[in-house]
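Whatever order the structure lists ligands and atoms in, that order sets their numbers, starting from 1.
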Amino acid sequence: METRVYKIDPKKPDKKKIALAAEILKQGGLVAFPTETVYGLGANALDEKAVKNIFVVKGRPSDNPLIVHVADKKEVYKLAREVPRKAVKLMDKFWPGPLTIVLKKSDIIPDAVSCDLDTVAIRLPSNKIARELIKKSGVPIAAPSANLSGKPSPTCASHVIKDLKGKIPAIISGGRADIGLESTVIDMSGKIPILLRPGRITAEQLIDTLGKMHVAGIVYGKKKKMKRVRSPGMKYRHYSPNAKVVLVYGPMEKVIPKINELYVKYKSQGKKIGIIGFDDYASDINFVCKDVDELGKVLFDKFRDFDDHKVDIIIVEGVKQEGFGLALMNRAKKAASEYIKV
Ligand code: TXA
Ligand code: MG
C-alpha cells in the first residue's frame, strides 16, 4: 500500500491537507496523526471494520482496548452511558489535554474498541492538528499509539514512517510531540477514581481535583491499602528498544558513581553503551537532559535513536516518583530488564 505523508505546520495547520486525511478516515481508512503526547493511529471509532484493522496493522493483542478521541466535550455524552459529576470536573479542568477518562460505555461503541469491557476510554487532545482532524472527520476517532506493538510509542513522524509506512494510507507529519509520554488514564466508571496509567497530568493534580483516588493498589489521600487494579494494557511489556535497558535510581551522589561504574563494566565486556540522564556521562553515545520534563520528552526518541546506532546497553538515570516523574519511571521500568536502586 502506498502511504501518503502530509507535512503540516503544527503552528499554522493547513486545513485543506487535514481535510484530505479526514476523508480517508471517513472512508474507513487509517491515518496516523500527531497529538501532544505521542502520535496516534486513528480510525473511525464507530466503524468496527476500520477499528479491527488497527489491531492487524499494529500487531496489537485483541484484548487491549483503544482510546476514543473527540474534538468537543459534548461528544462524551454520546459515547458514555453515565458521566459522573467528578468526571465533568476533570474534563473542565484538564481538557483539552493529556488526560484519558474511562467511563461506562454507550451502545454505539463497537466491541472492537472496548474489547468487550463495559467501559470506554475518552480523550480530548490539545494538539491543533489532532483536533482539526477529528472535527473534519465528523466522527470520534479510536487511536492507540502509532507504533508497532512492543516498540516505543512514536514521538515524531519519522518513527511512525519507520513502523507503519506501506501499511496505512496516510501519515500526518506535524512536528515533535510536546510531552513525549502517553496520556494519563483515569477510570471514573466506579465509585472511586482509579489512576490506571500515570502521565503528564500528575497524580497530585488529580487528587487536588478529586479528593480521593486509588493508584496501583494504594489509596491516595488516606493511608489504606486496596486491591491491585490494572488497565488491560498495563500487563503487556511495552516501550522496549532492542538494546537492553538498565535503569539506575536513587540519590544523585550515589547514582552518578554507579552509572560510571556500569559504563566501565560494560565497556570491558566490549559493549556499545548509550546513556540518558542529567550528567555528562562518559559513554559511546549520551543525551544530557536539563530536567524531568525533557527526559520524558526524549525517552522514547532516544530509545529508537540508540537502537539505530546499534547500542547494546542503554542506561537511564531514574528520577523521583512524583509529579511527571511517576509517569517517566513507569515507562522506564517497563522498558528496563534491570532496575538498580542505589
Ligand atoms: O497519549 C495517549 O493516550 C495516546 C494518544 C494517541 O492519545 N494513545 C495511547 O493509546 O497511548 P494506547 O492504546 O497505546 O494506550 C491506551 C491505554 C492502554 O493501556 C489501554 O489498556 C487503556 O488505555 N484503555 C483503553 N480503554 C480502556 C478501558 N475501557 N478501560 C481501561 N483501560 C483502557
Ligand atoms: Mg501504546
So, [X] and [Y], do they make that salt bridge, N to O below 4.0 Å?
X      : Y      : result
Lys135 : Asp72  : no
Asp305 : Lys302 : yes
Glu132 : Lys136 : yes
Arg200 : Asp293 : yes
Lys267 : Asp284 : yes

Looking at every non-hydrogen atom in both residues, tell me the closest pair between [X] and [Y] and how far apart they are.
X      : Y      : value
Ala282 : Ile275 : O-CD1, 3.7 Å
His159 : Asp301 : NE2-OD1, 3.0 Å
Tyr266 : Lys244 : OH-CE, 4.3 Å

Fill in the blank from the handout: Interatomic distance, CG@Asp92 vs NZ@Lys73, rounded to 0.5 Å, equals 4.0 Å
Handout entry: Asn147 near the Mg ion (ligand 2) via N/O/S, less than 2.8 Å
Key = no
Considering both backbone and side-chain atoms of [X], is one of its nitrogen or oxygen atoms within less than 3.5 Å of a nitrogen or oxygen in ligand 1?
X      : value
Thr100 : no
Lys58  : no
Asn64  : yes

Sub-4.0 Å atoms of ligand 1 with respect to non-hydrogen atoms of [X]:
X      : answer
Leu117 : 28 (C), 29 (N), 30 (N)
Val38  : 4 (C)
Ser145 : 8 (N), 9 (C), 10 (O), 12 (P), 14 (O)
Gly40  : 6 (C)
Glu182 : 1 (O), 2 (C), 11 (O)
Ala121 : 25 (C), 26 (N), 27 (C), 29 (N)
His69  : 5 (C), 6 (C), 7 (O)

Practice task
Compute the minimum heavy-atom distance from Lys105 to ligand 1 and say whether it is under 4.0 Å.
Solution key: no
Practice task
Ignoring hydrogens, just give me the one of Asp63, Leu196, Thr35 whose non-hydrogen atom is nearest atom 31 (C) of ligand 1.
Solution key: Leu196
Practice task
From atom 28 (C) of ligand 1, work out which of Leu181, Asn147, Thr119 has a heavy atom at the shortest distance.
Solution key: Thr119
Exercise for the section: Answer side chain, backbone, both or neither: which part of Arg60 comes under 4.0 Å from ligand 1, heavy atoms only. Expected result: side chain
Problem - Under 3.5 Å donor-acceptor, Lys165 side chain and Arg4 backbone - result: no
